[in-house]
2 protein chains.
Amino acid sequence: MPYFVFFLPLLCKHGYTLVNIRLQKPESVADAGVTFRTEVKIKVTTTDIAKLAGVSQSTVSRVLNEAPIRISPARKRKILALAEKLNYTPNRSARTLKMGKHQVIAVMAYDITDAFAVECISMMESYLAEKQYRAEWISCAYARRQKVEPKRMLAELAQSVDGMIVIEADRALKDADLLKFWASTNIPMVTVIRRIPGDMISSVTLDDEAGTTRLVEHLVELGHKRIAFCYHRYKFSGDGLSCHPTAARRHEVFKRLIKQHGLGEDPDLQIAVDDNPKDGYEAGRMLISGANLPTAIIAFKDLIAMGLIKACYDHGINIPGNMSIASFDNIRIAEITSPALTTVAANYAEIARLSIDELIRQIENAAEKPFKASHYVSEPELIIRESTMPRQQ
Amino acid sequence: MPYFVFFLPLLCKHGYTLVNIRLQKPESVADAGVTFRTEVKIKVTTTDIAKLAGVSQSTVSRVLNEAPIRISPARKRKILALAEKLNYTPNRSARTLKMGKHQVIAVMAYDITDAFAVECISMMESYLAEKQYRAEWISCAYARRQKVEPKRMLAELAQSVDGMIVIEADRALKDADLLKFWASTNIPMVTVIRRIPGDMISSVTLDDEAGTTRLVEHLVELGHKRIAFCYHRYKFSGDGLSCHPTAARRHEVFKRLIKQHGLGEDPDLQIAVDDNPKDGYEAGRMLISGANLPTAIIAFKDLIAMGLIKACYDHGINIPGNMSIASFDNIRIAEITSPALTTVAANYAEIARLSIDELIRQIENAAEKPFKASHYVSEPELIIRESTMPRQQ
DNA sequence: CTGAAAGCGCTAACAC
DNA sequence: GTGTTAGCGCTTTCAG
C-alpha cells in the first residue's frame with residue numbers, strides 16, 4: 001500500500017483534501033500489495049516534506065541536494081526518512097526552470113530504427129547511463145514527413161535538452177539548416193559520421209578512406225579482379241540530400257583504388273541502390289545476370305549486402321565459393337547471416353564515447369572561450385568472416 | 001545571420017548586455033549565412049517580446065496560445081511578427097511546471113535496440129507524430145545494470161512524462177514492481193505484450209494462441225511429423241523474470257497442439273535457448289546432430305530462427321528442401337534472410353495504434369471515473385515465405 | 001480587450 | 001545552521 005496513506009491524516013491537516021478512494025477486491029494481485037486504484041494523486045514536494053518535518057522548505061532542499069552546509073543531524077535524518085517514506089522525487093521541470101540545465105541530451109538520427117543508428121544508440125545508451133545524463137532519441141524522418149519544419153523541430157528540441165548529437169548529419173538535415181539552427185541557439189552540438197564544413201561544430205567521423213582501402217586490399221589479395229560495388233543512389237529532393245553521408249566517399253575511394261590496381265573501372269559493375277535490402281537484392285540480380293559476372297561485390301552497408309546474399313542464394317550462386325560479398329558497418333546481424341559477413345566494422349563504442357565526452361565537455365565548459373571545435377576520427381576494423389574467400393579459378 | 005542581431009540595440013536598451021561576439025573568417029560556410037560563433041545566448045521569452053512590442057507579457061502569451069479572447073489585430077500582428085523574427089520558442093519546463101502536463105509519453109522496453117522493440121518504436125513514432133505527443137524511449141536493461149533501482153527510475157520518469165507504455169512488461173520489470181509503481185504514481189499506463197493480473201492496467205497483447213495454432217497447422221498440413229521447437233530458456237534471477245513474456249505461452253500452445261495431432265512430444269525436439277541468435281545457432285547444431293532429426297523447427301522469435309538457418313547452412317542442410325524453419329515476430333529482416341522466413345507476424349501498426357490511443361485516452365480523461373482498464377488483443381498473421389515447404393519423402 | 005499579479009516547485013543568495 | 005526571499009518563464013485568474 002502506498003506509504004502516503006499513513007500520512008493522510010497529517011496531510012489533510014495541512015490542507016490536502018481527500019478526493020476519493022475507490023476500493024476494489026483484492027483478486028490475484030493482493031500479494032503485490034496493491035488493492036485499490038486511488039484517485040488521490042499526490043506529487044510530494046519539498047514543501048510537503050518541510051511542513052511535515054516542521055522545517056523550512058529550503059532546509060529540505062539543502063538536505064536532499066546534499067548541499068555543502070552542515071545540517072543538524074536530527075533534522076537531516078527526519079527529512080531523509082520522510083522523503084523516503086513519501087517516495088519524494090524532485091520535479092524535473094521546476095529544477096530545470098531554475099537551473100537552466102536539463103541533464104538531457106538529444107540524439108538525432110535520420111531514422112532511429114535504422115540498423116546503424118540502433119548500434120550507435122545501443123552504445124550511447126550504456127555510456128550515458130554512467131554519465132548521469134539521459135538521452136532523447138529523435139528521428140527526423142517522420143517529423144519531416146509530417147511537414148514539421150526542421151528549424152521549428154530543432155528550436156523546440158533546444159528547449160528541452162542541453163546539447164545534441166546528430167548522427168549522419170547531412171542525411172538528417174541540410175548542412176545549412178543545421179548551421180543556422182546551431183548559430184541561432186548556440187546549443188552544444190556534435191555531429192557523428194559527418195563533419196560540417198567550417199570548423200564550428202565538433203565531429204566524430206569514420207576513417208572511410210582507411211576502411212575502404214582495407215576492404216579492397218583484402219579482396220585484391222584474395223585474387224579478385226572483377227569487383228562490383230553497390231553505392232548509394234544519390235537523390236536530389238526539395239528538402240535536401242538523401243545520400244548516405246559516407247557512402248559517396250566509400251565509392252570514391254573504391255573507384256580510385258580499382259584504378260590504382262589496374263582493374264579497370266567497369267561501369268556495369270557499379271550499381272546505384274536505394275537504402276533498403278530489397279534494392280540490394282535487385283542489384284544482386286542485375287550483377288548476376290549481367291554479361292560481366294563479378295567475383296566479388298562490395299555493398300556500401302550490411303543491409304544491402306544481405307540483399308546481395310539473398311540474390312545469390314536464390315540463383316544458386318554459392319557464397320563465398322563463387323562470389324565473395326563484403327560491406328560496411330557491422331550491424332549486429334552481420335555475424336549471423338548465412339554466410340557471416342565480412343565487413344568494415346565501425347567502432348560503435350568508440351563513436352559513442354568520443355561524441356558523448358565531447359558533448360558533455362562542451363556543455364559543462366559552456367563558459368569556455370574561445371570555443372574550439374574538436375574533430376575525432378574513429379578507425380574502422382576489417383572483420384573477415386565467411387563471405388569472402390580466394391577467387392576460384 | 002541570426003535575426004536577433006537586428007534587435008540587439010533594442011535589447012540592450014532593455015537591459016541586455018552584449019557579452020562578446022567573436023568574428024571568424026567566412027570560409028566555406030559563408031553561403032549558409034553563418035559567419036561567427038556568438039557568445040551571446042539569447043533565449044527569447046514572452047517577456048522579451050512584450051517589452052519590444054510595448055504590451056504586457058500576458059498579452060503576448062494570449063496571442064501565442066491563440067487564447068479564445070479577441071486581441072486587437074494590430075497588436076496581434078506585431079506580436080506574431082516579433083515572435084517569428086526572434087525565433088521564439090516556448091520554454092517547455094515553464095509551461096510544464098505551470099500546466100502540469102508534458103505532452104510527452106515514455107515508451108519503456110527491456111532493450112530499445114531489440115529488434116522487436118525497434119519495430120514497435122518505428123510504428124509508435126510515426127503514429128505519435130500525428131498525435132502531437134513526443135516520446136521518450138527508455139531501455140530498462142542498462143539502467144538496471146547500473147544498479148539503478150527500478151522504482152527510483154520509474155519515479156523519476158513519472159516526473160517528466162504524462163503516461164507510459166511498457167513493452168514486454170514482465171521482462172522489463174517484475175509485475176509487482178510495476179504495480180507498486182503504478183499504484184504510487186497513478187500515472188496512466190498501458191502494457192504491451194503482457195497483461196498484468198488484476199485488471200487495473202490496460203494492455204495490448206498478441207493472440208499467441210491463434211498465432212501458434214496457425215503456424216503449427218501450417219506445418220502439419222505440409223506433412224511435417226517431427227517438429228522441433230526452440231523455446232526461451234526461463235531464468236530466475238534476483239531481479240525478476242527474464243523470460244520472453246509470450247515465449248512461454250507459445251511453447252505451451254505448441255506442446256498442446258503437438259499432442260492433439262498425435263505427433264508425440266519428443267523432449268529431444270524441444271530446446272531451451274537464450275535470447276540471441278548464437279544460441280539459436282547452437283540449438284540448430286544440436287537438433288541437426290541429434291539422433292532424431294526433425295523436418296521442421298519453430299523458433300520463438302525470428303532472431304533465433306536466423307541462427308537456425310545459419311546452422312543448417314553450415315551443415316549443408318537445405319532449407320526448405322530438407323528442413324523447414326519458421327518463427328514469430330516478423331522483424332524487418334525476416335523477408336531478406338536466405339531463404340525468407342515464414343513467420344507469425346505481429347501487427348506492429350495496430351499494436352502502436354491501440355496502445356497509444358488507449359494511453360492518450362487515459363491521459364486526457366484523467367478525471368474520468370471510475371477508471372476502467374481496457375484490454376486489446378491483436379491478431380497475428382501467418383506470413384508464409386520461403387523457409388517452409390512440404391516435407392520431402 | 002488588456003495589464004497586474006499569483007504561483008507552479010525548485011535553487012541559491014541573503015539575512016539572522 | 002536555518003529561515004526568508006527572489007525569481008526561472010509560463011498560464012490564468014482577477015480587475016479594470
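Below, all heavy atoms of this structure are taken into account, side chains as well, without hydrogens, waters or symmetry copies.
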Looking just at side-chain N and O atoms, do [X] and [Y] make a donor-acceptor pair shorter than 3.5 Å?
{"X": "A/T46", "Y": "A/Q57", "value": "yes"}
{"X": "A/S56", "Y": "A/T59", "value": "yes"}
{"X": "B/S93", "Y": "B/T96", "value": "no"}
{"X": "B/Y133", "Y": "B/D162", "value": "no"}

May I ask you to evaluate whether [X] reaches the phosphate of [N], defined as a side-chain N or O under 4.0 Å from OP1 or OP2?
{"X": "B/Y88", "N": "D/dG9", "answer": "no"}
{"X": "B/S56", "N": "C/dT2", "answer": "no"}
{"X": "A/T45", "N": "C/dG9", "answer": "no"}

Taking the side chain of [X] as its heavy atoms from C-beta onward, which of [options] lies nearest to it?
{"X": "B/A94", "options": "D/dG3, D/dC10, C/dT11", "result": "D/dC10"}
{"X": "A/V55", "options": "D/dG3, C/dC10, D/dT2", "result": "D/dG3"}
{"X": "B/S61", "options": "D/dT11, C/dG9, D/dG3", "result": "D/dT11"}

Provide, to the nearest angstrom, the distance between the [atom1] atom belonging to [X] and the [atom2] atom belonging to [N].
{"X": "B/K98", "N": "C/dC8", "atom1": "NZ", "atom2": "C1'", "value": "6 Å"}
{"X": "B/N91", "N": "C/dC10", "atom1": "CG", "atom2": "P", "value": "17 Å"}
{"X": "A/R95", "N": "D/dG7", "atom1": "CZ", "atom2": "C1'", "value": "17 Å"}
{"X": "B/Q159", "N": "C/dC10", "atom1": "CD", "atom2": "C1'", "value": "11 Å"}
{"X": "A/R75", "N": "D/dT2", "atom1": "CZ", "atom2": "C1'", "value": "7 Å"}
{"X": "A/R62", "N": "C/dT11", "atom1": "CZ", "atom2": "P", "value": "12 Å"}
{"X": "B/L97", "N": "C/dC8", "atom1": "CG", "atom2": "C1'", "value": "4 Å"}
{"X": "A/N65", "N": "D/dG1", "atom1": "CG", "atom2": "C1'", "value": "17 Å"}

A/H102 side chain to A/R92 backbone, donor-acceptor under 3.5 Å: no

Sugar-phosphate, base or nothing in reach of A/S72, heavy atoms under 4.0 Å: sugar-phosphate

Residue whose nearest DNA chain C nucleotide is more 5′ - B/M99 or B/Q57: B/Q57

